Amino acid sequence: MTTYRAIRGMVDILPEDTPLWQSMEAAALEVLSSYGYEEIRLPIIESTDLFARSIGEVTDIVEKEMYTFADRNDVSVTLRPEGTAGCVRAVVQHNLAVTPQRLWYIGPMFRYERPQKGRQRQFHQLGVEAFGVSSPDQDAELIALCRQFWRRLGVDDALRLEINTIGSSEDRARYRDALVAYLSQHVDQLDEDSQRRLETNPLRILDSKNPSTQQVLDNAPGLQDYLDNNTRTEFEQLLSYLKALGIEYVVSPRLVRGLDYYNKTVFEWTTEYLGAQSTVCGGGRYDTLLETFGGKATPAAGFAVGLERLTLLMKALDIKVTPAADLYVITANEAAFRYSLTRLDGVRRRFPELDIVQHLGGGSFKSQFKRADKSGAAWALVYGESEVAAGQVTLKPLRAGAEQKTIADTELEVFLEEILNDAKST
RNA sequence: GUGGCUGUAGCUCACCAGGUAGAGCACCGGAUUGUGGCUCCGGAGGUAGCGGGUUCGAGACCCGUCAGCCACCCCA
């Protein structure tokens, strides 16, 4: 018999983890709504061309990481490796950029890479994109929003903001020429990857970790010297906003991001808790991407959060979310079970917010109480023979020190009301 | 895609010069009649990732393959 496994890099998120995901998603929704961002839901498949053109033909993502295949009509399609391209496509297609537009989306992304911790072939991102504002107040808002999100989750102390400006595409073109001219004189000292990039994507050489390459870079021309005044003052302004917000940052002159569409501001939130996969969130400005897609020239900026990495970080920080039921229902026999069934149907309707777990499969009181305990429920609600006969119900506290008590079943609603009030006040 | 490490019960792991598997936790049941958490007793559960080879005999050795982990690369 064949036993099946999920295919490489595809990960099941099991019930023990879903509460953490749900709390993370709830926090995201709350924070995003509070800033006036609206959800957009996008397809997982787009035409291959869309990604190649926006992310960049010579990036690693496009060169070797895309899940690309021909559909039944022989059209080349690709499972989205990131969300910005599809979001921009939708914005252009539906002409959503007519007014300042704040959007977010959440969902799976696909990259054919070798899996390791914090890296999967299917993973999930929260993406946030803002269209129509070119000034750095937009960049500041995005970063402030991130920090608010970190705070809600309790991970803000574990994340560090790295930020840089990479200028306009004209700035970068001039700088690229200068960089290539310089590096070409030291080709033999560059590592193999960097030599290749000299032809394809020279800016990426900047964040090479190879020591010899780094040495050469020490005397290389700096991008800062090629920025126009406008870019510089905008960056300074952004930094002043961050100071006003009390957000600590590190300006990293060699932070260049891997996707071609970025310009001006780029940033990453990184952590030391995740080993080699330290980037939890990355983003920046992409003012020319809409034009590339045939839209009206529209400035834009955004970022994406790696949700698996965020959950990993939360676990590393020992942040736990364990929702337990409020009530666990125990019954003595068939008649009591039948009684509880109809009784609780009404209770559920009246208290939809209560989590009521009914014991199924019968068994002794002992085994039912064991189950009740393991369920983590706060209270055991018991319909035994005598209770049913007397029109009563027994309530046994499973967690705290209160006394077990037996009350008239008609008083159950009053009791539940109290439980809810207690829960709200704590 | 490159290099390294690993793969034994649900989980964490052990054993053995190569002679046909064990612990802890978890799970199920019991310790007098309707009550959990502690303790004690008992039970169930593994064709040792998969395939091939060496051997009288392999989970242990070799090869392949699949998967996981770590680093590189890159990114979320």
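Quick caveat, the model's predicted, so the values are computed rather than measured. Numbers restart at 1 for each chain; the letters A, B, ... are given by sequence-line order, proteins then strands.
Across the P atoms, B:rG3 and B:rU65 are found 12 Å apart, a figure rounded to whole Å. Rounded to a whole angstrom, the distance from the C1' atom of B:rA48 to that of B:rG7 is 10 Å. With both ends at atom C1', the span from B:rG18 to B:rG57 equals 8 Å, rounded to whole Å. Rounded to whole Å, the P atom of B:rA14 lies 10 Å from the corresponding atom of B:rU8. A distance of about 14 Å separates the P atoms of B:rG64 and B:rU2, rounded to the whole Å. Comparing B:rA21 with B:rG45, their C1' atoms are spaced 13 Å from each other, to the whole Å. On the P atoms, B:rC41 is 46 Å away from B:rC56, given to the nearest whole Å.
The nucleotide whose nearest atom lies closest to any side-chain atom of A:Glu65 is, among B:rC75, B:rG36, B:rC74, B:rC74. When distances run from any side-chain atom of A:Arg8 to the nucleotides B:rG34, B:rC28, B:rA67, the shortest one goes to B:rA67. When the nucleotides B:rA76, B:rC75, B:rU2 are ranked by their closest atom to the side chain of A:Arg114, B:rU2 comes out on top. Relative to the side chain of A:Lys117, the nucleotides B:rU35, B:rC75, B:rC69 differ in distance, and B:rC69 lies closest.
Put simply, CG on A:Leu255 is 10 Å from P on B:rC75, counting in whole angstrom units. Between the P atom of B:rG68 and the CD1 atom of A:Ile7 lies a distance of 11 Å, rounded to the nearest Å. Look at CZ on A:Arg5: it is 6 Å from P on B:rG68, rounded to the nearest Å. One can place CD of A:Gln116 at 8 Å from C1' of B:rA71, the figure rounded to the nearest angstrom.
Ionic pairing of A:Glu413 and A:Arg343 is present here: one or more N-O contacts between side-chain nitrogen and carboxylate oxygen are shorter than 4.0 angstrom. Under the 4.0 Å criterion applied to side-chain N and carboxylate O atoms, A:Arg254 and A:Asp218 are assigned as salt-bridge partners.
Within the nucleic acid shown, A:Arg309 comes within 4.0 Å of at least one base atom, counting heavy atoms only. The residue A:Glu385 sits close to a base: some heavy atom pair falls under 4.0 Å. Among the heavy atoms of the strands, none lies under 4.0 Å from A:Gln368. Residue A:Gly9 is in sugar-phosphate contact alone, with no base atom involved, counting any heavy-atom pair closer than 4.0 Å across all strands shown.
When both distances must be under 3.5 Å, the Watson-Crick or G-U wobble mate of B:rA71 is B:rU2.
For A:Lys366 against B:rU35, a side-chain-to-base donor-acceptor contact under 3.5 Å is absent. Side chain A:Asp373 to base B:rG36: a donor-acceptor pair is found below 3.5 Å. One N or O donor and one acceptor, one from the side chain of A:Glu113 and one from the base of B:rA76, sit under 3.5 Å apart. In this model, no side-chain donor or acceptor of A:Arg119 finds a partner on the base of B:rC70 within 3.5 Å. Residue side chain A:Glu387 reaches the base of B:rG34 through a donor-acceptor N/O pair under 3.5 Å, judged by distance alone.
By the 5.5 angstrom centroid cut-off and the 30-degree plane limit, A:Phe369 is classified as stacked against the base of B:rU35.
When atom types are taken as modelled, the side chain of A:Arg309 and the backbone of A:Thr279 share a donor-acceptor pair closer than 3.5 angstrom. A distance-only check finds a donor-acceptor pair linking the side chain of A:Gln101 to the backbone of A:Leu96 [under 3.5 Å]. Within the 3.5 Å criterion, the main-chain N or O of A:Asp287 finds a donor-acceptor partner in the side chain of A:Asn263.
Annotation for A:Arg399: atom CZ counts as buried by contact number, over 12 foreign heavy atoms lying within 6.0 Å.
Here A:Lys396 does not reach the OP1 or OP2 of B:rG34: none of its side-chain N or O atoms lies under 4.0 Å away.
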